[in-house]
Amino acid sequence: MKYAVIIDAGSSGSRAFVYSWPDVLSYKSNLGPDSVLNNALLPIETSKDWVNRIQPGISSFQGDTRSIWKKHLKPLLKNALKIVPKDQISETPIYFLATAGLRLLPKEDQTQILSQVCRYLQRKTNFLVPECSSHVTMIDGETEGLYGWLGLNYLVHYSIAKKWDSFEDTYGFLDMGGASAQLAFLADRETHKDLAASIHDIRVRTAAGNPVDWNVYVTTWLGHGANQAHNRLRKQIIGALTPEELKSSESDSVVAVDPCLPVGATDITTIDEQEYTFYGSGDFASCEALTTALLNENSHCTEGHACLFESVSSNDFSLEGQKFVGVSEYWYTLQDLFSTNGKFDYAHLEPKVRELCSGDWANIQSSLERGELLKGGDTPFNEHEIKQACFKSAWVLTVLRKGLNFALNTENPSLHHNFQDTFQSAIDIDGTEISWTLGRAVLYASSQIPPSSGTEHLDVGYSDSNSQFINGGEMFNSKELKIMTLTKSYTHAGYLSAYFMLFTLIMILIFCLKVRHTKAAISVGNKIKRWCQILYRKFRTYTEQRKHRNTADSIGYGYSYPHAGIPLNNTIVNDSLEELAQSRARSTSRPPTRTPSRVGSRINIKSTVVEP
């Protein structure tokens, strides 16, 4: 099996996913040339136990990058190190891909955080990180949406369509995280000419090495994730306060009314270095009006020009003609509160959201204390989650109904979705989580398949938002990667050897300090000095050999190492003999003066007795 570790470094936390797939040559050999699975994508495996989560998000280390390893990466990778076999870690790629949370930081902070992450991954782990530009980076919203679309449709290909030789049955992808939201669906360049700038090409390979291409329309809305949208709503409320209301409070905290909080609830938060106390009014109509205003806060739509929210044109396509699956907040918000099992029935959900928002906080607190409020029917809510529940549910409904114009679904909402509705939310398909990280793993695994005859020029990858082709695999070939892996192993071994020698010298030094001014101490000190000189010469010679060998390899010549790796004319031998000769000279009562002269690899020692 082959493995990959993909880290989703989101705004509220990071998740490390481990994926595996069979060795390509062994898999094809077991299938045989006539198997229909040769026309399918490689089977990729994962498990709920192969995912590890940690909070807060990587952006929280702004100004404190030295803590990233100890507080974030080390605990995050603990699970992956147990899953990936030890002898395969050095050939297992790891990708640290940051999303909207990091995109909100200044450019300088983004660079510092990513540089430190890559440095730690390369120095403190043995995972394959040959370069930082693709392995540790910040992906834009379009790339995140494209990966999500591919991950979803990979699962559709294997679990729903089950047409191994056809890739035409695809689903649109909707994702909403903490900071951003994405939309992606299959689009035809000829039919959707006005959308051409946002249509991306993406290519994978089947097990037989044949290319599969799609054109996918992707758009993203930064600031429209659930958490960032809530922050924007609070700022709208503050912006509507009069100067008298801003100064009327007797305390340092400014008081404001939030219609998206249950009646009587209070929420104290700091915005732009000012503390605010929000009191809930539970007014769902006002809450809905505010969330609707958030959809087009920066809209530039002109009259007669149909738009989705934030000026995204909808004149040239209709979402009604396709089937969409929503993940993340689209699933969790509605499922945790109302156990919808993926069904979107606005007519049924809207009264429930209205009832939640207008609830009395004292009664809600009592239900919390009795453990009666459970997420999805099994996990207790905490107070903070319940306070945000009204806004999140209202926001998701507003985005789906008014932002994306999905039709009402009047079917029985108690039934589990069957992926036949225009929109349904989901967390997994047949037990595999729907995540954009799966799409990245599909690209990497696909890139490891040798291309079929005549398609060698068609690389696996996709076009980014600047229409540049991004390779789905490594930037280096397999031979270069092996050299990098070996070099890294030697480097780690070198560090260990250096630490051991340093420890030994320190212990000897401590011994010498305890027995100083004695003949033994002086003798030991002289020996340490000579050892250090010899070690230095050995290190210098080794460096020269490495340089010579690299030069020889680069021009196509080998480099022979006779006699168990030590050349006959190696200066290590000569220097050691020289040291031995000098040592013997000092140990005689009437020391002769020995002048070594080198001829080739031999040493001729001329002795001259000095008369007293």
Under 3.5 Å, is there a donor-acceptor pair linking the side chains of S435 and E433?
-> no
Ignoring hydrogens and angles, tell me if any N or O in the side chain of R205 forms a donor-acceptor pair with the backbone of D459 under 3.5 Å.
-> no
Check: Q182/T220 side-chain N/O donor and acceptor closer than 3.5 Å | yes
Can you check whether I44's main-chain N or O pairs, donor with acceptor, with Y154's side chain at less than 3.5 Å?
-> yes
Dump the intermediate steps for ring-ring contact (aromatic ring centres under 6.0 Å, His included) on F324 and F423, then the final yes or no.
-> CA-CA 5 Å; F324 283 81; F423 172 84; 7.9 Å; no
For H72, what residues pass the ring-ring contact (aromatic ring centres under 6.0 Å, His included) criterion, not counting sequence neighbours?
-> F61
Is S198 reaching over with its side chain to a backbone N or O of T219, donor-acceptor style, under 3.5 angstrom?
-> no
For the atom pair NE2 (H135) and OH (Y95), what is the distance rounded to the nearest 0.5 Å?
-> 3.5 Å
Would you mind checking if K375 and E385 are paired as a salt bridge, meaning a charged N to carboxylate O distance below 4.0 Å?
-> yes
Mind checking the CZ-CG spacing from F173 to N153? Nearest 0.5 Å is all I need.
-> 10.0 Å
Close aromatic pair by centroid cut-off 6.0 Å: F344 and Y330 = no
R234 charged N/C atom sitting above F278 aromatic ring, 6.0 Å / 45° | yes
Does any N or O in the side chain of Q228 come within less than 3.5 Å of the main-chain N or O of N231, such that one atom is a donor and the other an acceptor?
-> no
Verify the distance criterion only: is there a donor paired with an acceptor across the side chains of S358 and E355 at less than 3.5 Å?
-> no
Rounded to the nearest 0.5 Å, how far apart are CG of L152 and CG of D175?
-> 10.5 Å
Rounded distance [0.5 Å steps], CG in N79 versus CG in D49 = 7.5 Å
Rounded to the nearest 0.5 Å, how far does OG1 of T92 lie from NZ of K86?
-> 14.0 Å
Measuring from L334:CG to S339:OG, what's the distance to the nearest 0.5 Å?
-> 10.5 Å
Test C390 against C287 for disulfide (SG to SG under 2.5 Å), laying out the working first.
-> CA-CA 9 Å; C390 171; C287 179; 4.4 Å; no
